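Read through the structure below, which is laid out as structure tokens, and then see the notes.
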Amino acid sequence: MDEFMLIFRHQDGKKIASPEQMQIWMKQTMDWIGGIAAQNKFSGGNGLPFEDARVVHHDKVVTNGPFGEIKETIAGYVIVKADSVDEAVAFAKGCPALQGEGNTVEVRRIAKGDGTH
Amino acid sequence: MQQPELIPHLFRTEFTKITAVLCKHFGIAHIQLAEDIASETFLRAMETWTYKGIPENPTAWLYVVAKNKAKNYFARAHMFQEKIAPELKQLTTAPSTEIDLSDKNITDSQLQMLFAICHPAISTEAQIGLALRILCGFGIDEIANAFLTNKETINKRLFRAREKLRAEKVQISIPDAVAIQEHLDTVLTTLYLLYNEGYYSESQDSIIREELCLEAMRLTRLLLDHDITNTPAVNALLALMCFQASRFPARKNEHGELILYQDQDPALWNQELIAQGAWYLHAASQGNTLTRYHMEATIAWWHTIKEDSSEKWENILQLYNQLLQLQYSPVAALNRTYALSKARGKAAAIAEAEKLGLTDNPYYYALLGELYQGIDNRQALQHLQTAQHLFKTQTEKQTIQRKINHLPTT
């Protein structure tokens with residue numbers, strides 16, 4: 001079984017949702033992750049809060065957050081166990097982040113460190 | 001208390017204390033010796049008290065006899081050492097002959113024995129067996145009954161475990177503060193499984209079942225008596241045990257058949273244990289630790305409220321979501337799906353249930369049978385029949401039969 005990282009990309013990270021909307025998203029995300037964990041396919045994951053986010057540029061200039069200049073932001077990731085990329089994609093399709101138009105979930109196989117990748 | 005009840009009672013309470021203190025004194029290599037001396041002490045009590053009557057202070061009497069027996073052993077060992085050892089040159093000096101049976105040394109010894117027994121070198125089954133024998137004073141018959149196996153298997157298992165502890169030269173001591181956290185996890189797993197052995201045991205003997213649970217609780221309380229092991233995880237585990245134990249009187253009908261949660265009479269739940277559980281759960285939430293025991297205890301707390309509410313099932317669902325991320329188990333996956341049906345409806349739960357793929361698990365089909373009821377009763381019937389076929393005990397098969405009987409035939 002391989003591990004895949006599902007990376008949630010939000011089209012516009014500046015959009016501020018209402019607390020009620022955030023509550024709903026949170027519940028949906030927890031249910032989604034709980035459903036993967038109930039199949040014993042959950043490996044790990046985390047939200048990546050924008051608070052205290054920094055971007056370090058090539059000239060070592062540090063800017064306050066990644067969302068000032070680019071439109072797309074990474075909101076979080078989970079790592080799942082799956083037999084194939086198709087199974088990992090099936091998990092990704094359930095991700096509540098996809099309800100936002102323009103949002104994407106990127107599916108990436110995690111290198112095993114055994115020289116095969 | 002008359003003699004017939006007195007000896008079994010004292011055996012339960014004092015055998016383990018004497019064994020633990022002697023074990024600590026002689027070292028783990030001599031578990032068997034400690035058990036033998038404790039057993040001989042009770043044998044002597046039975047012989048003596050039958051003819052001479054029960055002494056004024058039976059416990060003190062037992063301690064004196066145990067001490068004397070240990071002293072005799074030392075005298076023999078001493079002679080061996082004086083006369084024979086110089087030629088063998090293998091024995092180190094015998095430990096001092098002063099046996100300390102003070103309350104403090106008893107609880108210290110029991111706690112340290114608990115840590116010694118829960119050594120990673122021996123299997124979990126053997127850890128539980130040794131704990132039952134040495135710390136809970138269970139007989140080999142009772143242990144065999146609890147594990148649904150025979151005396152020979154248990155004897156062999158315990159023998160191998162003692163040999164292993166001897167070979168590993170396990171110390172009877174509390175690990176230092178740094179090592180304690182990791183070691184404590186193993187101890188808690190053993191206590192958790194010991195409790196479950198009683199709570200979910202398929203053994204027909206309900207008295208043994210409850211005693212296993214009560215002993216697991218006593219040993220967990222022992223950990224709370226010591227500052228170094230009084231941690232949030234231990235409090236959470238004890239809270240979980242209290243909440244579940246509160247339902248003991250409601251779980252069986254007069255024929256000894258299991259009564260499912262939704263059919264239980266809450267008036268029979270033990271409110272004192274529920275209050276104790278809440279107290280320990282509160283103590284467990286001081287600090288930043290969040291363990292599986294915290295989540296399981298909180299789930300068990302929600303179950304002490306019988307009425308269904310959306311708040312209750314939403315909380316239970318989210319606790320299972322978290323618990324599964326921390327530690328997967330098929331039971332938790334099934335329970336999460338049941339909570340989902342309560343919080344989000346049966347259709348959502350069926351979709352999730354069918355992803356679980358626990359096709360060799362009777363509870364999986366029992367759950368599907370439950371979820372399909374009222375949605376597709378023919379499917380419900382099929383799943384219940386599969387569950388009935390997969391269940392091993394008569395009690396479980398009967399429980400499913402009752403569900404089948406209540407299924408509407410439309």
Side-chain angles (χ1 to χ4, degrees), chain A residues 1-8 18-49 51-52 75-99 105 107 110, chain B residues 290-292 294-296 298-299 302 309-361 363-368 370-371:
Chain A
M1 190 150 316
D2 286 341
E3 284 190 323
F4 292 85
M5 185 182 274
L6 314 184
I7 304 157
F8 324 142
S18 68
E20 288 75 24
Q21 184 59 51
M22 288 203 287
Q23 180 71 26
I24 292 169
W25 283 340
M26 232 173 70
K27 257 188 208 172
Q28 287 174 337
T29 307
M30 290 190 294
D31 284 354
W32 175 59
I33 293 174
I36 297 171
Q39 298 171 60
N40 201 13
K41 297 277 174 80
F42 179 82
S43 276
N46 253 317
L48 300 171
E51 203 178 301
D52 270 340
Y77 68 92
V78 299
I79 297 170
V80 298
K81 289 178 270 188
D83 291 320
S84 65
V85 66
D86 293 336
E87 193 185 357
V89 165
F91 285 136
K93 281 181 179 168
C95 178
L98 292 177
Q99 290 166 22
V105 176
V107 179
I110 293 178
Chain B
L290 188 63
T291 62
R292 60 179 299 197
H294 285 82
M295 292 170 209
E296 290 187 46
T298 314
I299 291 167
W302 276 105
S309 69
S310 61
E311 191 201 4
K312 168 179 166 178
W313 288 107
E314 182 61 45
N315 273 291
I316 292 176
L317 172 62
Q318 295 310 340
L319 286 160
Y320 275 121
N321 281 344
Q322 286 182 52
L323 176 63
L324 281 159
Q325 290 171 49
L326 207 63
Q327 180 133 21
Y328 169 83
S329 75
V331 178
L334 291 169
N335 287 337
R336 182 228 174 224
T337 313
Y338 181 75
L340 191 78
S341 78
K342 290 293 205 175
R344 306 273 186 276
K346 282 186 171 183
I350 288 172
E352 288 283 290
E354 287 176 344
K355 291 181 194 162
L356 298 182
L358 296 167
T359 49
D360 52 2
N361 188 324
Y363 295 98
Y364 174 64
Y365 292 101
L367 175 69
L368 279 171
E370 177 91 27
L371 293 179

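Please read these numbers as outputs of a predicted model, since none were measured by experiment.
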Between A/A37 and B/L324, which heavy-atom pair has the shortest distance, and what is it? CB-CB, 3.6 Å
Taking C-beta and beyond as the side chain, do A/D31 and B/R344 meet within less than 4.5 Å on heavy atoms? yes
Provide the closest heavy-atom pair for A/A38 versus B/A333 in the form atom of the first, atom of the second, distance. O-CB, 3.3 Å
Of the backbone (N, CA, C, O) and the side chain (C-beta and beyond), which part of B/Q322 lies under 4.5 Å from a heavy atom of chain A, both, or neither? neither
Spatial distance of atom CG (B/N321) from atom CH2 (A/W32) [nearest 0.5 Å]: 12.5 Å
Is A/K27 close to B/Q318 at the side-chain level, that is, under 4.5 Å between some pair of heavy atoms? yes
Quick check: closest heavy atoms across A/Q39 and B/Y328, and the distance to 0.1 Å? C-CE1, 4.2 Å
